[in-house]
Every structure is written in C-alpha cells, then in structure tokens.
Trainee: 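Next up is a structure, given as structure tokens.
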Amino acid sequence: MKPFTIKNPTLDEQNAFMMRETVNEVECADLGAIYNNDQLYGKNLSEFIKQEVKRLRPEWIIAEGECATVALTLKNQKKVLLNPKVAFDNLNDVPEHTRQNTFGFFDDRHEQDYERFQSVYPHAAWFPQDDDLTLFTIKEAVQSIIETGEW
C-alpha cells in the first residue's frame, strides 16, 4: 500500500488517507497480503520491500506510490504498479521478462511518469480523468493481470 508521507497534514488529509487505505484494504484483501501504513511506517522502503520479496518470493507484487517506485527497480519480478516515480535510470538495462511482466497505472498527476514508463514497458495505462487513482478503482484489471498475465 501507500505509506503516509504528508508533512503537517490537515485533519481532512489525514481522514482522506485513512478512508482510502481502509477501502483498499477491505475491498482488495482477496488480491493477497496487504502491507498497510502501520507496517510501512518508519521503514526504509527500499530495504524493506527487497527483503520481503526475497523472504516471501511472491508471484506478483502490487505496489502504490513510493512503494511502486521502489518495486519498479526489482528485476525479474512480476508486478503491478500504481503511480511510481519513473527516473531515466529505471529505463536502462531492463530484462525482457521484467518488461513483459510489469504493468503500470498512472493518474492525471503522473503524466510525465506515464510517458517515461510506456517508452520501455508495453503495459501502461494513463487515467487522465482521475487525479487520485487507487487499487480499488482498478481492482478488476489487476485481478485479470494476476490470473492471466494480461489485461
């Protein structure tokens, strides 16, 4: 899931984050194990995610936001990413297995990341009408990807 990283949040921002997390956690629990903010808070996400993937060896990783940015760097791992930040370094030396098994979903606020991502990865979708894409919003597409490797 997405860690809470808003500095000096308002009460509305805190409530919106918690509601979003609750809906995603409840409605998407059937997709697999979910790491919520309590489990991610204060962790070095780069180290934590790599250690968890090594320890659990999941078939698929579904990650959002900062977690998706970290997961993008994992090679030879099937993954579905929501709004990762895509640097030019992420686009170099990408193995074919990783290219074919990495799916990216981007909302309106991440158009530049979408453009970079789709220049290397064939499975990219941009939602220009949505400025806060959630796992719940694209749950059916994610289920299809996990079950068939396609959308």
Side-chain angles (χ1 to χ4, degrees), residues 1-5 16-41 43-151:
M1 299 293 286
K2 183 176 179 178
F4 188 75
T5 57
F17 179 87
M18 293 308 298
M19 287 303 299
R20 176 186 168 143
E21 185 172 89
T22 300
V23 167
N24 278 337
E25 199 168 340
V26 170
E27 296 296 328
C28 299
D30 59 333
L31 294 175
I34 293 178
Y35 290 79
N36 62 27
N37 188 57
D38 292 337
Q39 294 157 309
L40 299 174
Y41 183 77
K43 300 252 186 337
N44 175 326
L45 293 177
S46 181
E47 290 177 16
F48 178 73
I49 290 170
K50 289 174 184 173
Q51 288 170 354
E52 287 297 283
V53 169
K54 186 176 180 179
R55 182 175 72 84
L56 298 173
R57 301 186 192 280
E59 183 177 356
W60 285 93
I61 295 174
I62 303 168
E64 183 178 355
E66 191 177 343
C67 293
T69 301
V70 171
L72 180 61
T73 65
L74 300 174
K75 306 287 188 207
N76 298 311
Q77 175 66 55
K78 295 178 181 181
K79 52 195 173 261
V80 177
L81 309 174
L82 281 73
N83 294 321
K85 296 262 186 250
V86 181
F88 288 111
D89 288 346
N90 302 129
L91 307 176
N92 297 325
D93 302 319
V94 178
E96 187 62 22
H97 177 273
T98 301
R99 269 183 18 84
Q100 293 301 324
N101 291 288
T102 301
F103 295 76
F105 294 85
F106 299 84
D107 63 26
D108 190 47
R109 294 181 298 155
H110 296 87
E111 181 178 5
Q112 184 176 22
D113 295 305
Y114 163 73
E115 290 172 355
R116 287 180 185 161
F117 183 91
Q118 60 90 33
S119 71
V120 170
Y121 297 93
H123 308 295
W126 181 46
F127 294 80
Q129 72 283 2
D130 197 334
D131 66 352
D132 195 19
L133 189 64
T134 68
L135 179 56
F136 176 68
T137 307
I138 59 168
K139 180 183 176 185
E140 290 179 13
V142 173
Q143 282 176 316
S144 176
I145 291 167
I146 291 171
E147 291 169 7
T148 66
E150 302 175 358
W151 65 25

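Along the sequence shown, the residues carry numbers beginning at 1.
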Trainee: Which residue pairs pass the salt bridge (charged side-chain N to carboxylate O under 4.0 Å, His left out) test when at least one of the two sits in residues 68-94, sequence neighbours left out?
Mentor: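 Of all non-adjacent pairs touching residues 68-94, those that pass salt bridge (charged side-chain N to carboxylate O under 4.0 Å, His left out) are E59-K78.
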Trainee: Does some side-chain heavy atom of I145 sit less than 4.5 Å from a side-chain heavy atom of W60?
Mentor: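 Answer yes - side chains close enough.
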Trainee: Decide yes or no for Q100 and P122: does some side-chain heavy atom of the first lie under 4.5 Å from some side-chain heavy atom of the second?
Mentor: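 Sidechains of P122 and Q100: in contact.
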Trainee: Any idea which heavy atoms bring A71 and A63 closest together, and the distance?
Mentor: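 The answer is CB-CB, 4.1 Å.
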Trainee: Has the side chain of T69 got a donor or acceptor atom that lies under 3.5 Å from a matching backbone atom of G65?
Mentor: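 Between the backbone of G65 and the side chain of T69 there is a qualifying donor-acceptor contact (under 3.5 Å).
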Trainee: Check whether any side-chain heavy atom of I146 lies under 4.5 Å from a side-chain heavy atom of I62, and answer yes or no.
Mentor: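 Yes, their side chains come closer than 4.5 Å.
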Trainee: Sequence neighbours excluded, which residues qualify as salt bridge (charged side-chain N to carboxylate O under 4.0 Å, His left out) partners of E52?
Mentor: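 E52 satisfies salt bridge (charged side-chain N to carboxylate O under 4.0 Å, His left out) with R55 only.
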Trainee: Would you say that V70 contacts F48 through its side chain, given a criterion of any heavy-atom pair below 4.5 Å between the two side chains?
Mentor: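 A side-chain contact is absent here, since even the closest heavy-atom pair is not under 4.5 Å.
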Trainee: Just wondering, more than 12 heavy atoms not from E140 lying within 6.0 Å of its CD?
Mentor: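 No.
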Trainee: Just how far is it from atom CZ of F106 to atom CZ of F117, taken to the nearest 0.5 Å?
Mentor: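 Taking CZ in F106 and CZ in F117, the distance rounds to 5.0 Å.
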Trainee: Specify the closest pair of heavy atoms between D130 and L133, including all atoms of both residues, with the distance to one decimal.
Mentor: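 Reported closest heavy-atom pair: OD1-N, 3.4 Å.
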Trainee: For C67 and L40, work out which heavy atoms get closest and say how close.
Mentor: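 Heavy atoms only, the tightest pair is SG-CD1, 3.8 Å.
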Trainee: I need the H97 NE2 to T102 OG1 distance, nearest 0.5 Å.
Mentor: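 If we round to the nearest 0.5 Å, H97:NE2 and T102:OG1 are 8.5 Å apart.
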Trainee: Quiz question: by atom type and distance under 3.5 Å, do the side chains of E147 and Q143 form a donor-acceptor pair?
Mentor: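 Note: E147 and Q143 side chains miss the donor-acceptor criterion.
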Trainee: Does some side-chain heavy atom of S46 sit less than 4.5 Å from a side-chain heavy atom of K50?
Mentor: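 Yes - at least one pair of side-chain heavy atoms lies under 4.5 Å apart.
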Trainee: Applying side-chain hydrogen bond (donor to acceptor under 3.5 Å, both in side chains) as the test, list every pair that has at least one member in residues 112-126; sequence neighbours left out.
Mentor: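 Not a single pair qualifies under side-chain hydrogen bond (donor to acceptor under 3.5 Å, both in side chains).
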Trainee: Looking at every heavy atom in both L135 and L82, which two are closest together, and how far apart are they?
Mentor: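 So the two residues come closest at N-CD2, 3.5 Å.
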Trainee: Using 0.5 Å steps for rounding, measure from the CG atom of D107 to the CG atom of N83.
Mentor: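 CG of N83 is found 4.0 Å from CG of D107.
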Trainee: Just how far is it from atom CG of D131 to atom CD of Q129, taken to the nearest 0.5 Å?
Mentor: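 Taking CG in D131 and CD in Q129, the distance rounds to 10.0 Å.
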Trainee: Could you measure the distance from the CG atom of N90 to the CG atom of L72? Nearest 0.5 Å is fine.
Mentor: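 These two atoms lie 4.5 Å from each other.
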Trainee: Can you tell me how far the CD1 atom of I61 sits from the OH atom of Y35, to the nearest 0.5 Å?
Mentor: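 Interatomic distance, I61 CD1 to Y35 OH, rounded to 0.5 Å: 9.5 Å.
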Trainee: Are side-chain heavy atoms of I138 and F127 found at a separation under 4.5 Å?
Mentor: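 I138 vs F127: side chains touch.
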